Amino acid sequence: MAVCLATSLATAAVAANAFTLAWTHSIERVRWEEAWRVEGEALVLERVRVRGHGAGMEPAAGAVLRDGAWEWHPRTRHAVLRLTRSAYTADYEWCADGEPCKSLSALIASDGGVTELRACPIGDTAP
């Protein structure tokens, strides 16, 4: 499977069965990580890890403090994931396949608006 990404500027497909999105919260300045997997036509949010709490970052019920981060397992299914990207904050990090994490802009240019992610067959570039 792959993950198709789209902005108003471009589309791209990245071969991946699982990936992690990470970013630094713009107000609290702490790292947030979400581990996703591709299942059929859905993206499944497997795990969330947050290295603190504060404005809009409250750990979910049942979250466990592990290695300095709150962790929980929503296992929710999503047809589309919409990421707001801004020139005023650091970009998301894309981590997959045991490779070093890279800026999402290394995969697709930002238009300063929303980037959509969807599950798609390998080779598809039209989310």
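Please read all numbers here as calculations on a predicted model, not as lab measurements.
Using a 4.5 Å cut-off on side-chain heavy atoms (C-beta onward), V38 and L43 make contact. Annotation: side chain of L104 is in contact with side chain of L5 (closest heavy-atom distance under 4.5 Å). Taking the side chain as every heavy atom from C-beta outward, W94 and L21 approach each other to under 4.5 Å. Side chains of V48 and W70 form no contact here, defined as non-hydrogen atoms less than 4.5 Å apart. A 4.5 Å side-chain heavy-atom check between L117 and T115 finds at least one atom pair inside the cut-off.
Between T11 and A6, the shortest heavy-atom distance links the atoms CG2-CB, 3.9 Å. Heavy atoms only, all atoms of each residue included: R85 and A109 are closest at NH1-O, 3.9 Å. Nearest heavy atoms, M1 versus G40: CE-O, 3.3 Å. Between A18 and A96, the shortest heavy-atom distance links the atoms O-CB, 3.8 Å. S103 approaches D91 most closely through the heavy-atom pair OG-OD2, 3.2 Å.
Here the NE2-CD distance, from H78 to E41, works out to 15.5 Å after rounding to the nearest 0.5 Å. Between R51 atom CZ and E33 atom CD the span is 6.5 Å, to the nearest 0.5 Å. The OG1 atom of T20 sits 6.0 Å away from the CZ atom of R47 when rounded to the nearest 0.5 Å. The CD atom of E34 sits 9.0 Å away from the CZ atom of F19 when rounded to the nearest 0.5 Å.
A donor atom on one side chain and an acceptor atom on the other are not found under 3.5 Å apart for D111 and T7.
The hydrophobic clustering, which links ILVMFWY residues whose side-chain heavy atoms are closer than 4.5 Å, places W36 and V44 apart. Placement of L45 and V64 in two distinct hydrophobic clusters is found when ILVMFWY residues are connected by side-chain heavy-atom separations under 4.5 Å, directly or transitively.
Under a 4.0 Å N-O distance rule, the pair R75/E46 qualifies as a salt bridge.
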